[in-house]
Structures are given as C-alpha cells and as structure tokens.
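A short worksheet on the structure shown next.
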Amino acid sequence: MLITHAEAILLQVPFDHKSPQPALYGRSWKTFDTLLLRLETDGGIVGWGEAFVFHAGAVTKSALEHLVIPNMLGRDPSQIVPLMNDLQRRLHLYGRSGPVACALSAVDIALWDINGKMAGMPLFRMLGGSTRTHLPAYASILRTAEASQATKSVELALKRGFRSIKLHEIDLDPINAAREAAGYEIPLMLDLDAPMSANESIEFCRHLAELELFWLEEPVWPPENYDGIADVRTNGGIPIAAGENAGSAMDFKHLIAAEAIDFAQPSVGKVGGITEMRKVMALASAYNVTVHPHSPYLGPALLATLHVNAAAGEDMLVEHLLIEPEATLYGAAVRPFNGSVAVPQGPGLGLEPDMAVIERFAV
Ligand SMILES: [Mg+2]
C-alpha cells in the first residue's frame with residue numbers, strides 16, 4: 001500500500017467562551033483554528049491527522065504542503081516508525097519544535113489511523129489494549145482575567161460534571177475567586193503560560209500557598225529554562241507541570257533530568273504524534289513522573305490522545321477546553337459527560353470527521 005494523496009485543511013471554527021472574548025498572546029481569539037491532514041492510500045483507506053496551530057495555521061499548513069507532503073507521497077504507510085524517522089531526519093534543520101514538528105505530528109497520527117483501519121482495530125488495542133471505556137477529563141478554562149467571570153466559568157464546569165479544573169489566569173483575584181467557587185475538594189490547576197523569571201515565579205507562589213493547587217503549569221519564561229522551572233519546583237512549594245512546548249522525547253529527557261516536573265504534558269499534535277508521545281510516556285514512567293497530556297484539540301489529535309491515555313494503564317487526565325465551538329467534528333461522541341470522555345471503539349482513531357463541518361469551516 002502507498003500514500004497517493006495528502007491534503008492539508010485549515011479549519012477556523014468560531015467559538016463561544018461564555019465570557020468576553022479571550023486574548024491569546026496579544027491577539028483576540030475569535031475562532032478555534034486547527035489543521036487537519038487527510039492521507040489517502042491506493043488501498044482506499046483514508047487516515048486523518050491534526051497539527052497544533054492556535055494562530056499559526058497558515059504557517060503550519062505551508063510547512064505541511066511545502067516540506068512534509070512532498071517527502072511522503074509514494075511511501076508505504078504501514079512503515080510508521082521508519083517513515084517518521086526518515087521524515088524527522090530529512091526535516092530536522094527546519095526546527096525540532098514549532099510548525100514543522102507540528103506538521104510531522106499530524107502525519108504520525110494519520111499513519112496510525114491508517115494502520116488501525118488496516119488491522120480493523122481501534123488504536124488503543126494496537127497500543128496494547130485497555131479495559132477502560134471512559135477516561136477522566138478536566139475542564140481547561142481560558143483566561144478571563146476577571147474574578148466574577150472566573151467564578152461563573154468554574155460554576156459552569158462543575159455543573160457539567162467536571163471534578164477537576166484548570167485555570168489560565170495570572171492575576172490573583174480570578175485565581176482566588178475560582179478556588180472559592182470550586183471549594184477545596186476539587187483539584188485546581190493553574191497554567192501561567194510561561195510568563196515570569198524563576199525568582200518572580202517563586203515570589204508568586206507565596207501568594208498561591210493557601211490555594212492547595214494540584215499543579216502549577218509552565219511558570220517560567222522561557223519554557224525551555226528547565227533549571228529555572230526546577231528552582232520554582234524546589235522553592236515554590238507547589239507541584240509543577242510542563243512539557244507542552246517540548247518538541248521531542250529528547251527535550252523531555254532534559255526536562256526530567258533537571259528535576260523540573262512532577263507532571264509531564266506531551267502534546268500529541270506538537271511532539272511528533274503518537275510514536276514520539278509513547279517514548280515520552282516510557283521515559284516519564286521510568287522516572288516516576290506522571291503524564292497528563294496537553295490536548296487543546298477538536299479533531300484527530302484529541303482522538304489520538306484518548307487512545308494513548310486509554311492504553312497507558314494508569315489514570316491520565318484528558319484536557320478538555322471549556323469552550324463552545326459552533327460545530328464539532330464528531331458530534332457528541334467525545335463530548336465529556338459527568339467529567340469523563342468515551343474512548344472511541346471504531347478502527348483506527350475510531351471516528352470519522354463530519355465532512356459537512358469541514359466544508360463549512362475550511363479556509
Ligand atoms: Mg498549558
């Protein structure tokens with residue numbers, strides 16, 4: 001079997017955040033963008049992948065179209081590891097993280113989808129099997145920057161049945177309001193998105209001491225300042241999570257060796273797909289670091305995360321963005337209910353995207 005055709009499809013789906021439109025790194029955030037990859041084979045099997053993009057959709061699409069796809073047409077999709085190794089080596093000089101790495105992640109996910117479909121097996125079975133049909137999810141709330149809004153968002157998450165919640169606030173008022181609204185029984189996580197120096201983070205942690213945070217995520221700028229993160233872990237008194245910006249298992253090796261993290265957060269649409277994610281998981285497990293993947297995805301990368309989590313043999317939380325997209329690719333199939341998400345049971349990724357939604361939101 002050979003890969004005969006590959007298409008990169010950028011989607012922009014408007015979403016409701018149930019609050020004023022959030023900002024993302026200085027830009028207002030009105031649509032949730034994602035980049036799909038559709039791989040066609042001469043055997044008639046089609047596989048789907050997804051790359052992380054946020055606002056970099058056009059750049060990552062270009063990387064996929066101009067660098068990655070020309071290197072994969074005519075190749076054998078059943079050779080996942082050799083093919084991915086070859087693509088990684090051919091393209092490493094264009095970046096081991098960022099748009100090229102995200103584009104490669106989409107390829108790996110699509111190859112696993114094709115192989116699962118060829119075997120007639122859901123991916124979690126290809127990855128070792130699982131007895132779990134549902135996985136625990138946490139509500140990941142975008143930054144609101146206001147106490148009253150943080151309260152409302154936490155109340156909404158609780159009403160939807162989530163039993164753990166993550167904030168993206170950097171001001172103390174909304175953080176304190178969220179803890180008050182959640183109560184102390186609910187694990188509360190805080191993602192800072194890498195804003196501060198290590199010393200500033202340690203100082204900030206003093207203000208968070210009473211909140212009993214389950215984890216503090218990416219406290220330090222730049223995100224690859226692993227010694228700085230380790231400093232916060234040692235002196236801040238709060239368990240630390242990081243890794244969504246790590247581009248490969250080798251990056252995670254350095255992150256873990258620096259004793260910087262309690263929780264590793266590989267992102268399947270950034271780190272190199274399922275193949276690289278499983279390397280990260282093996283590494284983390286050997287060093288007693290718990291994995292809770294980063295998964296702000298709407299498409300195949302979300303499904304890939306579910307399969308990898310299901311097959312992990314331990315309880316990893318699924319990150320669910322608490323937003324209301326105008327449409328979803330899989331209907332209600334992977335919408336969390338009572339704080340858990342169903343693992344798709346069909347072959348490959350287990351679900352096919354709704355082509356009407358793709359046609360409507362493709363740009
Ligand atoms: Mg994060």
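Note that ligands are numbered from 1 as they come in the structure, with each ligand's atoms numbered from 1 the same way.
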(message) Taking the six-membered ring for Trp, are F263 and H292 closer than 6.0 Å centroid to centroid?
(response) yes
Margin query: Checking one value in my table: which N/O/S atom of E217 lies closest to the Mg ion (ligand 1)?
Written below: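 Closest N, O or S atom of E217 to the Mg ion (ligand 1): OE2.
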Which N, O or S atom of D191 lies nearest to the Mg ion (ligand 1), by name: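 The atom in question is OD2.
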Between V46 and E40, the two heavy atoms sitting closest are CG2-CG, 3.8 Å
Short N/O/S contact of E244 with the Mg ion (ligand 1) (below 2.8 Å)
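Coordinating: yes.
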Check the orientation of F54 and F52. Use parallel for under 30°, tilted for 30 to 60°, and perpendicular for over 60°.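 Geometry flag for F52 against F54: tilted rings.
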Discussion item. Check this for me, if you would: do E324 and R160 make a salt bridge, where the nitrogen-to-carboxylate-oxygen distance has to be below 4.0 angstrom?
Written reply: yes
